[in-house]
Structure formats: structure tokens, C-alpha cells
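Counting starts at 1 for both ligands and their atoms, in listed order. Starting from 1, each residue takes its place in the sequence as its number.
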Amino acid sequence: MPDRAARDTTVMVLGAGINGAALARELLLSGVNVVLVDAGDVACGTTAWSTRLVHGGLRYLEYGEVGLVRESLAERDRLVRLAPHLVRPLEFYLPMRTRWGGLVSAAARLLGCESLAKRWRSPGGRGSIAVGMGLTLYDVLAVGSRWPRHRAARPGAAGLPAVDPRAFPHAAVYADAQMLFPERFTVELCVDARRIAAARAASFTLLTHASCEWLGDGSLRLRAADRAREFQPAAVINATGAWVDRTLAELLPGDGRPLIGGTKGSHLVCESPALRQALGDRGVYAEADDGRPVFVLPFGPELVLVGTTDIPFHGDPATARADDDEIAYLLAAVARLFPAVAPDQSAVVQNYCGVRPLPAASGSAPASVTRRHMLVRHAGAPLPTWSIVGGKLTTCRSLAEQAAREVLAALGLPVQGSSRERPLPGSLSAEARAACVAETAAVVRAAGVAAGRVDRVAERVVDLFGSRAPEACRAPGALPGDVPPLVADTDLPTAAVGFCVREEWATSLGDLVERRLMLAFAPRLSLATLTGLAVELVRLGMLPAGQAEAEVHRSAAGLHARFGKTVA
Ligand SMILES: Cc1cc2nc3c(=O)[nH]c(=O)nc-3n(C[C@H](O)[C@H](O)[C@H](O)COP(=O)(O)OP(=O)(O)OC[C@H]3O[C@@H](n4cnc5c(N)ncnc54)[C@H](O)[C@@H]3O)c2cc1C
């Protein structure tokens, strides 16, 4: 049990992205109370706009970031074990044009001479010798895990991505992992935070769509859903990612130099059966003409995710959008790799763009800015206050562990628990999956889903909720015939809406579509789907009936603005 001091201590974490949520969970493991606050919804920031990889970061080796790569590889291993339903190993095919290219520029980069590295960059990009050396070091740094080692591959061989073997006559295959839905991973961190709080008699409050102001006496006023509450925390942690400086400007005006030097990165979601087939089950990690990495990734059974760019960005991160040049750049990179099935603009069914919360580093090339995270303490604050700078999806847990240790030490509290071996609530091993799908199918069948669709629905719900899927399909209190068994034009039970509202803090149509049920990426998302969800929100008392139509239009407009997606 937590000691008395921890039980009397409340820490406020601003920002419920992957890092803020992981930190809230970690602090609760040591018995302190946590108030987690987000100006929007859980995971509505950069977490949702990433490439969705859990990786060591092969390319960081060139910048000498050996420690970061080692930490990331250890976390990759851990996240695949602790959240196997959300983080899955993915093999990558790495095509190369040359054998010897890139050695000199890699050496210059390792020595910290980015400008020379650029000048001496080989026109054919990094070759198989330089990449092979990097992959060997990658394998060495992953020592202790059971991941397969990299291997050379024969371009054009059956079963590999059908990248043009004439243009890319060398290739290697190595393994990393994919977190298809970081949004759901973050929601599950919050679900776990609530479970930990209940088990330790601590309190966990999550306020979304909330604003926060400092009241001078060390207390903070939070406004959420037209209700204001005051808290007097023992410490505040600004985990607002790319918004860190904006948050500081509001909370501690004049606190000092900017901490963040964000760069924006864009992604395309393509619906091209030919490209999806040419890709197969592996991702492709290649070099664009300017030397930047480009990922072409399977994104579910029908879609392909392509990213990304790296462009300095100084505006409000919420306004970052993929521009036409970025879309053309990414399409050109795919066309060079897969000329026979190159998608055109019409295959780009949506796009998205996010801002990396990188540390401010004036004058540095975006790619060379460290991807490490750090905790910055603000001396001038009325109570112990820190900001988190940087961080990746991959290192959210280790970042949380390090930050919690520092905060607890400053508050004179002991570390009393760790997430190192703690599975996420929906954790479901490959061996246990079949039984969970069968149990979910039984619940879905009992709810009246047509026999021919039961299996597909069960698989889909297990993909989203892992071992919590059967529970997600039950509608407590609903009588047969109360609601249609499935949300229109989807493979999702209507009961899952209530589950997300009851158990996962969903309050709006946007929360459901973009960050709980992940319908924002469903190729057949329609206005009928949005209407069905809105009707269920009305039935659950979350939305006044008179506002349902406006909410549907607001959600569709949001999907168009943020994803370039047209819902009809
Ligand atoms: C293009 C791109 C690709 C990436 N790819 C990968 C990848 O493949 N793998 C990987 O490991 N990492 C990747 N990253 C990095 C990773 O996505 C981010 O570092 C990570 O998501 C940051 O999480 P966060 O919780 O710190 O910030 P965010 O997810 O941005 O969360 C910050 C939260 O703070 C909230 N907020 C803002 N202002 C306030 C306020 N005043 N009060 C309260 N709340 C507020 C926001 O609403 C938001 O929800 C990528 C990043 C980008 C941009």
C-alpha cells in the first residue's frame, strides 16, 4: 500500500497524449493521486498523427544516438509483450540502389558534420554495406530479446514486397513493430491508470475538452463541460507535446526560451488494391531522393500508409496539414519503388499531418535534431513544475518511468511500483486470441448479428479491444430490439458505443470515430455510420436529440479538415 505522504499528494499532468497518459499511470503505480487534463480528447495530438511504428530507429545510429536506439529496442520488445493486441512485430524490406553508397556521409554524420554529410551524400543513397553495418549494430543493441536478426534479401524473390528490382538491386529484411492505433494504446493506458487507482485507493481524474488556468496561490482552475473545479496539486507536469511552449505561455508567461522546435510530418492513406498486394505483409523502408526515410506500410487489409516529411513548423500544431507538395513528394517516392502499381492522387483517400515535439535546436537540419526526451524543471513556477520535451511512441513507458522517478524524488516520495512488466488491460496473446474471438462471437450472435457476419465482427472488435472485446459487445440494460445490432456500414456492434462512453471517456462523435472505434480509417465510413453513432449517443444521454444532425455534420467536416476525407 502507498505510504501516507503519497496518498496525500496530487500531481497534475497536462496533456493526455501517449506520454502524459503513460506518466499518469506510472505515478499512480507509486500511489500518488493524479489529475490528467487535456484541452481536447485523449490522444488527439501528435500521438494520432505519427507513422505508428514501435521501432529502435535505425537511422538514429548515424547520428550516434546509440543510447536512444538501445532504449527504444528494449521498449519495442516490452510493448510487444505487454500489449500484443496493439503492438505487433512487422518485418521491413529495405531496398537499396548501390552497394558502397553512403559510407562517407555516414562517417561525416557520426562525427557530427551534418553539412559535410549532405555534401558527400551518395546520389544512389545508402548502399548495402553501410546499411548492413547499421543493421548489424541494431541486432547487437537488441541483444537479449528474441527478435530475428536482419538478413540480406534477393530483390524480386517471391513473398517479398514487389519493389522494382532493377532500380533497387540490393535489399535487406529486418524486424521492428507497428502500433496500428496509438490512439487506442493511449486510451488503454488511461483505463489501466483507473484500475491502478482503484487497487491502491488512490484517485485518478481524467478531464478531457478542459481548459486550465493558474490562480496565483498555487492552485489551478480547470473548466470542463461548463463546470469549473479548483485543484491544489503538489506538482504540475506539462506533457502537452508540440504545445509545450503555448501551454507555458499561458501558465507561466515569460518563463524563458522556447523549448520546442517542431517539425511537421505528413502521411498519405492510399486505397490501391494493386499497391496493397505488391506490398504484402511487410513494410518497406526506403530512402527518398533527398535522403529522407520513407515508409510504405500495410495499414489493415485494404490500405497503405505512406510517410513522412520533416519540415520546420512554427504555427499552432493543430493547424498543421499535409500540403500539395508533400503529397506529391510522397507519391513520387512510392512511384520510384513500385513503378508498376504507382498510385495516383485519386488513390489517396485521406492524409494527415502532425508536429514532432522536438527540442528547440536553432540552425540544425530537422533530421539531425535528437529524438531523445528530456524533463525540464521551471524554477520560477509557484509549485514544482516540469515540461516534457521530445519523446516517441516507442519510448512512452520508459519516459514515464524516468519522469516519475524525478518528480517523486523532488516531492520526497519513494518509487513504489513500475510498469515494466505490467500488461495493458486488453493484452491478449496470439495463443489466447482464438478463444477470445469465439467468446466475442457468441456475445455478438446473441445480440442479433446475422450469422454470416458474426466472425468478421468478432475479429474486428478483438482487433480494437483485445481481451476486453466480449465486454465491449455487451449492452447492459438494453432490451433486444432497442438498438440495431451493428452500426450502419460497419462491422462494429452498436453496444461498443456505450462501452466507449462508460469505460473510455468518449464524449462526442469525434472521440468515437477518430480515437475509440477507429472508424476514421474505415474505407466505407458513411454519413449513415455517423448518423447511427449519433443516434446511439442520443439514446445514451450524451447528446441532445436536437443536436444530432449538427454533430454529424461537425464530425464529417472535422474528418475533411484533418484527414482530407470526404464522407458521403
Ligand atoms: C510525423 C510524425 C511521425 C512520427 N512517427 C513516430 C513513430 O513511427 N514512432 C514513434 O515512436 N514516434 C513517432 N513520432 C513521435 C510521436 O508521435 C510523438 O513524439 C508522441 O506522440 C508525442 O506524444 P505526446 O503525448 O508527448 O504529445 P501529444 O500526443 O501531442 O499530446 C499532447 C496533448 O496535449 C494536449 N494539450 C495541448 N495544449 C494543452 C493545454 N494547454 N492543456 C491541456 N492539454 C493540452 C493536446 O490536446 C494533446 O492531446 C512521430 C511524430 C510525428 C509528428
Side-chain angles (χ1 to χ4, degrees), residues 12-24 35-57 60 68 71-72 75-76 79 87 90 176-180 182-183 185-186 189 206-214 220 222-224 236-251 260 262-267 283 285 292-293 295 297 305 307-311 313 316-318 320 322 326 330 351-359 366 371-373 387-400 403 515:
M12 185 168 295
V13 180
L14 302 179
I18 200 164
N19 286 325
L23 177 57
V35 181
L36 176 61
V37 186
D38 202 288
D41 183 26
V42 175
C44 71
T46 305
T47 297
W49 312 125
S50 61
T51 312
R52 300 163 188 269
L53 296 176
V54 170
H55 60 157
Y60 308 145
L68 173 64
E71 176 181 339
S72 302
E75 288 304 306
R76 175 189 74 176
L79 297 188
V87 186
L90 180 68
D176 258 326
Q178 188 178 36
M179 184 190 282
L180 213 50
E183 301 87 342
F185 186 96
T186 308
L189 287 172
L206 169 55
L207 296 173
T208 57
H209 306 285
S211 69
C212 172
E213 79 186 284
W214 211 296
L220 287 126
L222 301 179
R223 282 179 203 279
V236 175
I237 299 153
N238 173 12
T240 57
W243 287 265
V244 153
D245 289 321
R246 287 170 182 263
T247 306
L248 284 174
E250 282 169 24
L251 286 183
I260 302 286
T263 65
K264 74 166 180 161
S266 293
H267 295 85
Y285 175 18
R292 268 206 47 75
F295 290 99
L297 303 166
L305 180 67
T308 175
T309 52
D310 203 354
I311 300 170
F313 186 83
D316 179 351
E326 289 174 280
L330 291 171
N351 59 66
Y352 63 84
C353 177
V355 178
R356 298 174 182 83
L358 302 179
R371 264 50 177 174
R372 290 200 150 278
H373 48 256
S387 289
I388 291 175
V389 177
K392 310 193 309 161
L393 304 177
T394 311
T395 50
C396 65
R397 200 212 57 82
S398 55
L399 177 152
R515 293 168 294 273

* Just do the side-chain contact (heavy atoms from CB on, under 4.5 Å) check on Thr394 and Glu71 with the steps written out, would you? => CA-CA 9 Å; Thr394 311; Glu71 176 181 339; over 6 Å; no
Any idea which atoms of ligand 1 are less than 4.0 Å away from a heavy-atom of [X]?
X: Cys44; result: 47 (O), 49 (O)
X: Ala239; result: 32 (C)
X: Gly265; result: 1 (C)
X: Thr308; result: 1 (C)
X: Trp49; result: 1 (C), 2 (C)

* To do: Assign the ring pair His267 / Tyr352 to parallel, tilted or perpendicular, where the plane angle (0 to 90°) is split at 30° and 60°.
  =>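 Parallel: the ring planes of His267 and Tyr352 meet at under 30°.
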* To do: State the CG-CG distance between Leu79 and Leu393, to the nearest 0.5 angstrom.
  =>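 CG of Leu393 is found 9.5 Å from CG of Leu79.
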* Asked: Rounded to the nearest 0.5 Å, how far does CE of Met179 lie from CD1 of Ile18?
  -> 4.0 Å
* Do Asp310 and Thr263 meet the criterion of a side-chain donor-acceptor pair at a distance under 3.5 Å? ->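 On atom types as modelled, these side chains qualify, holding a pair under 3.5 Å.
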* To do: Indicate whether any N or O donor in one side chain lies under 3.5 Å from an N or O acceptor in the other, for Arg223 and Ser211.
  =>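 Short answer, no.
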* Would you tell me which option among Leu248, Thr47, Thr240 has the nearest heavy-atom contact to atom 40 (C) of ligand 1? =>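 Closest candidate by heavy-atom distance is Thr240.
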* To do: Report the member of Leu53, Val389, Leu393 with the shortest heavy-atom distance to atom 9 (N) of ligand 1.
  => Leu53
Please work out, at 4.0 Å between heavy atoms, whether the side chain, the backbone, both, or neither of [X] comes within that distance of ligand 1.
X: Arg246; result: neither
X: Val355; result: backbone
X: Val37; result: backbone

* Non-hydrogen atom of His267 closer than 4.0 Å to ligand 1 -> yes
* Ion pair present between Lys264 and Glu326, side-chain N to carboxylate O less than 4.0 angstrom? -> yes
* Structure fact -> Contacts of Trp243 meeting ring pair (Phe, Tyr, Trp, His ring centres under 6.0 Å) (sequence neighbours excluded), chain-then-number -> none
In the protein, which heavy atom is nearest to [atom], and how far is it?
atom: atom 19 (O) of ligand 1; result: Gly391 O, 2.4 Å
atom: atom 13 (C) of ligand 1; result: Ser50 CB, 4.0 Å
atom: atom 49 (O) of ligand 1; result: Asp38 OD2, 2.7 Å
atom: atom 5 (N) of ligand 1; result: Thr51 N, 3.0 Å
atom: atom 26 (O) of ligand 1; result: Asn19 ND2, 2.9 Å

